[in-house]
K.L.:
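The structure is given below, and queries will be raised subsequently.
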Amino acid sequence: MKTFISFIYFFLFLPFIGFTQAPHTGDGPYSQLIIRGVTLINGDGSPPIGPVDIVVEKNRITDIKTVGYPGVQISPSNRPQLKPGGKELQCEGMYLLPGFIDMHGHIGGVAQGADWDYVFKLWMAHGITTVREPSGRGIDWALELKQKSSNNTIIAPRIYAYTRFGQDSERPITTPEMAREWVRKNAKKGADGIKFFGAEPEIMKAALEENKNLGLRSACHHAQLSVARWNVLHSARAGLTSMEHWYGLPEALFWDQTIQDYPANYNYQNEQHRFEEAGKLWKQAAEPYSQHWNAVMNELLALDFTLDPTFNIYEASRDLHRARRAEWHEDYTLPSLWRFYQPSMISHGSYWHDWGTEQEIAWKENYRLWMMFVNEYKNRGGRVTAGSDSGFIFQLYGFGYIRELELLREAGFHPLEVIRAATLNGAEALGAEKLIGSVKIGKLADFVILDENPLANLKVLYGTGAVKLTENNEVIRAGGVLYTVKDGIVYDAKKLLAEVKAMVTAAKEKENFTIRQPGIKE
């Protein structure tokens, strides 16, 4: 529940000076790159097809050729020919998908002690080639990283930078004209959009309408401080293009009340209160498939509105033990980030003051109702994307995104629908579907390549792989992304993970740090 106040506290500081960029580990781009014999799982919902040869020239796809049949030897005469100076990547038996798009990716955080190099390598190691950064340490900082990523002078996904509404304004925005002026200045700076948390209704309306007139995209976390008078429907009608999480949606679905049923002792600054009561919110909304429930959904569909649910970031609310014991924390979570996750009265999202079975049961019901709406929205033709919001609540960059894909599957998405949410849907929400989101001739060469079928088991996308027992009764780890290709540059995903592990190991050794579970001293 990151609100305007929370973001001021955690992000508006001088940029954290931390890790320096490691030597470039990418290979390319090449005058010609041919990926040979792969099975293509596209982002458009079509079924897998292979073997396929995919031809890339510099950073554009120039040919996609089906070269045979499964189990049948490929005839060389059917294959695209390698030109002098070209490069072949032999991927027989492997799977290729479009590069993943994380629609809610914060580039680290000062309070978390996580700098961009650490975060970017975790993302790229999990096949994430594009990220929408929904505000953070400042638009100038984000745009500088965006430019470096575009030039491929750093190892980084493609960045779409959104500014928090009102950020860097000399004065509080108190009138509609001030809102419009800020929006125009934000567009002139080069921002790709705006992230809202809420404001006075007339200010929200003016800002959203101006942003829409300028052709920019927008996102909103409808924070509790403003949502009683301005929910998702108000925003969508005014021109908001996507919503974050689910705040503001249950409020739009209220039918016998207008305000969340807060207890008398509720205090918004108390993180336990905020998250505990949020777990009861969907039960206060209209019944699924009721007249009001359908009316809200149908209006959002008519407005071509995008849902970016970020299921994973709240999963600890329904199963704290699972989230804090995730196996990747040991090797890939920085000491500073682990400390940030611990029970705290002041750290945002560290609301484990007294969390137990009753709170988790409420949140499980919350998820059931929330997932029902999201899945039905998808079934009726609505756009749902994949976003992680990692760096909070025991969710780690990269790993949290793959967990988001698993939770979309839990919500009822077919695996191919999950991949579409992670790729083409995100591209459409960004207005970038002509460049990224699916494997098509003319699009940018952004791919995820692995040697296990993610449609059969999404867990093979985790950097730590999936546990399997072989026919020889041997326990192995299968999967993990092998190659992440961005702009035609081939990155060894496992090498990127190894570099992150080395960063974490060095930080632990420097502090003589060992991960301990909360409340355990020795």
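Not measured: the values here are computed from a predicted model.
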K.L.:
With a 4.5 Å heavy-atom cut-off, do L33 and V490 have their side chains touching?
P.N.:
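Touching, per the 4.5 Å side-chain cut-off.
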
K.L.:
Before accepting this row, confirm whether a basic side-chain N of the pair R477/E327 lies closer than 4.0 Å to the acidic partner's carboxylate O.
P.N.:
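Salt bridge: yes.
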
K.L.:
Around atom CZ of R380, are there more than 12 heavy atoms of other residues, nucleotides or ligands at under 6.0 Å?
P.N.:
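Correct, the count exceeds 12.
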
K.L.:
State the CG-CD1 distance between L458 and I402, to the nearest 0.5 angstrom.
P.N.:
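Here the rounded value is 8.0 Å.
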
K.L.:
Taking atom types as modelled and ignoring hydrogens, do the side chains of S242 and D308 form a donor-acceptor contact shorter than 3.5 angstrom?
P.N.:
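Side-chain D/A pair, S242 to D308: absent.
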
K.L.:
Parallel under 30°, tilted from 30 to 60°, perpendicular over 60°: which one fits the rings of H221 and H245?
P.N.:
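Rings of H221 and H245: perpendicular, over 60°.
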
K.L.:
Between N151 and K148, does any side-chain donor sit less than 3.5 Å from a side-chain acceptor?
P.N.:
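Checked: N151/K148 side chains show no N/O donor-acceptor pair below 3.5 Å.
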
K.L.:
Between N379 and E376, is a side chain to side chain contact (heavy atoms under 4.5 Å, CB included) present by the stated rule, with each step listed?
P.N.:
CA-CA 5 Å; N379 288 343; E376 182 63 16; 3.7 Å; yes

K.L.:
Quick one: does N231's side chain have a donor or acceptor within less than 3.5 Å of a partner on V227's backbone?
P.N.:
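Flag not set: sc N231 to bb V227 has no pair under 3.5 Å.
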
K.L.:
Look at the side chain of D115 and the backbone N and O of D117, then say whether any donor-acceptor pair between them is shorter than 3.5 Å.
P.N.:
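Not at all, since once roles are kept as given, no pair shorter than 3.5 Å links the two residues.
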
K.L.:
What heavy-atom pair brings K486 and R158 nearest, and what distance separates the two atoms?
P.N.:
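In terms of heavy atoms, the two residues are closest at CE-N, 3.8 Å.
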
K.L.:
What's the separation between atom OG in S149 and atom CD1 in I159, rounded to the nearest 0.5 Å?
P.N.:
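Interatomic distance, S149 OG to I159 CD1, rounded to 0.5 Å: 5.0 Å.
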
K.L.:
If every non-hydrogen atom of A191 is compared with every non-hydrogen atom of T163, which pair is closest and at what distance?
P.N.:
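That closest heavy-atom pairing would be CB-OG1, 3.4 Å.
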
K.L.:
Would Y397 and L337 count as a side chain to side chain contact (heavy atoms under 4.5 Å, CB included) here? Give the steps.
P.N.:
CA-CA 11 Å; Y397 311 96; L337 187 53; 4.1 Å; yes

K.L.:
Y351 and ring pair (Phe, Tyr, Trp, His ring centres under 6.0 Å): which single residue from F275, W363, Y341, F394 fits?
P.N.:
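Only one option passes, and that is F275.
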
K.L.:
Has the side chain of N366 got a donor or acceptor atom that lies under 3.5 Å from a matching backbone atom of A278?
P.N.:
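Yes; judged by distance alone, with no hydrogens or angles, the pair exists.
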
K.L.:
For R368, is there an ion pair with E365 - N to carboxylate O distance below 4.0 angstrom?
P.N.:
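So E365 pairs with R368 through a salt bridge.
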
K.L.:
Flag the pair H222 / W230 as yes when their ring centroid distance falls below 6.0 Å, and as no otherwise.
P.N.:
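Not close enough - the centres of the two rings lie 6.0 Å or further apart.
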
K.L.:
Keeping the roles fixed (side chain from N375, backbone from M371), state whether a donor-acceptor pair exists under 3.5 Å.
P.N.:
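Such a contact is absent between N375 side chain and M371 backbone.
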
K.L.:
Is the gap between the ring centers of F392 and H348 under 6.0 Å?
P.N.:
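So the answer is yes for these two rings.
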
K.L.:
Any side-chain to backbone donor/acceptor pair from Q395 onto N312? Under 3.5 Å, distance only.
P.N.:
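Side chain of Q395 to backbone of N312: a pair is present.
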
K.L.:
Do I436 and I101 touch side chain to side chain, with heavy atoms closer than 4.5 Å?
P.N.:
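I436 reaches I101 side chain to side chain.
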
K.L.:
Taking atom OH as the centre, does Y483 end up with more than 12 heavy-atom neighbours from other residues, nucleotides or ligands that are less than 6.0 angstrom away?
P.N.:
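12 or below, so no.
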
K.L.:
Between CD of E133 and OG of S135, what distance do you get to the nearest 0.5 Å?
P.N.:
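The CD atom of E133 sits 6.5 Å away from the OG atom of S135.
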
K.L.:
Is any side-chain heavy atom of D27 closer than 4.5 Å to a side-chain heavy atom of K87?
P.N.:
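A side-chain contact under 4.5 Å exists here.
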
K.L.:
With distance as the sole test, does H292 use its side chain to make a donor-acceptor pair with the main-chain N or O of F254 at under 3.5 Å?
P.N.:
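Such a contact is found between H292 side chain and F254 backbone.
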
K.L.:
Salt bridge check: are R36 and D53 linked by an N-O gap of less than 4.0 Å?
P.N.:
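So R36 pairs with D53 through a salt bridge.
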
K.L.:
Would you confirm whether Y314, through its side chain, and Y367, through its main-chain N or O, come within 3.5 Å as a donor-acceptor pair?
P.N.:
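The answer is no, because no donor-acceptor pair under 3.5 Å joins these two groups.
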
K.L.:
When rounded to the nearest 0.5 angstrom, what distance separates CD in E428 from OG1 in T241?
P.N.:
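Going from CD on E428 over to OG1 on T241, the span is 13.0 Å.
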
K.L.:
Show your reasoning for whether salt bridge (charged side-chain N to carboxylate O under 4.0 Å, His left out) applies to E410 and R318.
P.N.:
CA-CA 14 Å; E410 180 184 329; R318 67 175 191 169; 2.9 Å; yes

K.L.:
With a 4.0 Å cut-off on N to O distance, would you call R60 and E57 a salt bridge?
P.N.:
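Here R60 does not pair with E57 in a salt bridge, since their nearest N and O are not under 4.0 Å apart.
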
K.L.:
In the structure I gave you, are the side-chain heavy atoms of I419 and L455 within less than 4.5 Å of one another anywhere?
P.N.:
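A side-chain contact exists here, since the closest heavy-atom pair is under 4.5 Å.
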
K.L.:
Go through the steps to decide whether F311 and W370 satisfy the test side chain to side chain contact (heavy atoms under 4.5 Å, CB included), and finish with yes or no.
P.N.:
CA-CA 9 Å; F311 288 128; W370 178 18; 3.5 Å; yes

K.L.:
For K195 and E244, which heavy atoms make the closest approach, and how far apart are they?
P.N.:
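So the two residues come closest at CE-CG, 3.9 Å.
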
K.L.:
Kindly give the heavy-atom pair with the smallest separation between Y332 and T464, and that separation in Å.
P.N.:
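The answer is CE1-CG2, 4.2 Å.
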
K.L.:
Quick one, T39 and M94 - any side-chain contact, counting heavy atoms below 4.5 Å?
P.N.:
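A side-chain contact is absent here, since even the closest heavy-atom pair is not under 4.5 Å.
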
K.L.:
Counting neighbours of CH2 on W355 that are heavy atoms of other residues, nucleotides or ligands and sit closer than 6.0 Å, is the number greater than 12?
P.N.:
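Counting other residues, nucleotides and ligands, CH2 of W355 exceeds 12 neighbours.
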
K.L.:
Would you check, one step at a time, whether the test side chain to side chain contact (heavy atoms under 4.5 Å, CB included) holds for Y30 with K58?
P.N.:
CA-CA 5 Å; Y30 296 94; K58 293 185 178 178; over 6 Å; no

K.L.:
Applying the side chain to side chain donor-acceptor pair (under 3.5 Å) criterion to D192, which one of K146, R217, R132 satisfies it?
P.N.:
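When K146, R217, R132 are each tested with D192, the side chain to side chain donor-acceptor pair (under 3.5 Å) holds only for K146.
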
K.L.:
Indicate yes or no for a side-chain donor-acceptor contact from H106 to the backbone of G108 under 3.5 Å, with no hydrogens or angles considered.
P.N.:
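No; zero donor-acceptor contacts below 3.5 Å.
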
K.L.:
Strictly distance-based, threshold 3.5 Å: is any side-chain N or O of T66 a donor or acceptor partner for the main-chain N or O of V52?
P.N.:
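No, the answer is negative, given that no donor and acceptor are paired below the 3.5 Å cut-off.
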
K.L.:
Kindly say whether N472 contributes a backbone atom to a donor-acceptor pair with the side chain of T470 at under 3.5 angstrom?
P.N.:
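A pair under 3.5 Å: yes.
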
K.L.:
Minimum heavy-atom separation for K443 and L435, please, with both atom names.
P.N.:
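Of all heavy-atom pairs spanning K443 and L435, the closest is CB-O, 3.3 Å.
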
K.L.:
Report, as yes or no, whether the 6.0 Å neighbourhood of atom NZ on K494 holds more than 12 heavy atoms from other residues, nucleotides or ligands.
P.N.:
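Counting neighbours around NZ of K494, more than 12 heavy atoms of other residues, nucleotides or ligands fall under 6.0 Å, so yes.
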
K.L.:
Rounded to the nearest 0.5 Å, what separation is found between the CE atom of M103 and the OG atom of S388?
P.N.:
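Between M103 CE and S388 OG, I get 11.5 Å after rounding to 0.5 Å.
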
K.L.:
Which atom pair, heavy atoms only, marks the closest approach of P157 to F120?
P.N.:
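Looking at all heavy atoms of both residues, the shortest contact is CD-CD2, 3.7 Å.
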
K.L.:
Looking at I64, D63, N59, which one forms a side-chain contact (heavy atoms from CB on, under 4.5 Å) with I61?
P.N.:
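That would be I64.
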
K.L.:
Are K364 and E360 close enough for a salt bridge, meaning some N to O gap below 4.0 Å?
P.N.:
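E360 and K364: not salt-bridged.
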
K.L.:
Evaluate the criterion salt bridge (charged side-chain N to carboxylate O under 4.0 Å, His left out) for residue pair R383 and D304; output intermediate values, then yes/no.
P.N.:
CA-CA 8 Å; R383 185 184 303 107; D304 192 29; 3.2 Å; yes

K.L.:
Is it true that F373 and W293 have ring centroids separated by less than 6.0 Å?
P.N.:
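Centroid separation for F373 and W293: below 6.0 Å.
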
K.L.:
Using a 6.0 Å cut-off, check whether atom OH of Y289 has over 12 heavy atoms from anything other than its own residue.
P.N.:
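Enclosed: over 12 neighbouring heavy atoms sit under 6.0 Å from OH of Y289.
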
K.L.:
Would you check if the distance from the ring center of Y401 to the ring center of H126 is below 6.0 Å?
P.N.:
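No - the distance between ring centres of Y401 and H126 does not fall below the 6.0 Å cut-off.
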
K.L.:
Could you walk me through whether R403 and E406 pass salt bridge (charged side-chain N to carboxylate O under 4.0 Å, His left out), step by step?
P.N.:
CA-CA 5 Å; R403 183 57 185 159; E406 286 195 284; 3.1 Å; yes

K.L.:
Applying salt bridge (charged side-chain N to carboxylate O under 4.0 Å, His left out), run through E92 and R79 and close with a yes or a no.
P.N.:
CA-CA 13 Å; E92 286 78 7; R79 314 195 84 163; 3.7 Å; yes

K.L.:
To the nearest 0.5 Å, what is the distance between CE (M243) and OG1 (T310)?
P.N.:
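Result: 8.5 Å between the selected atoms.
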
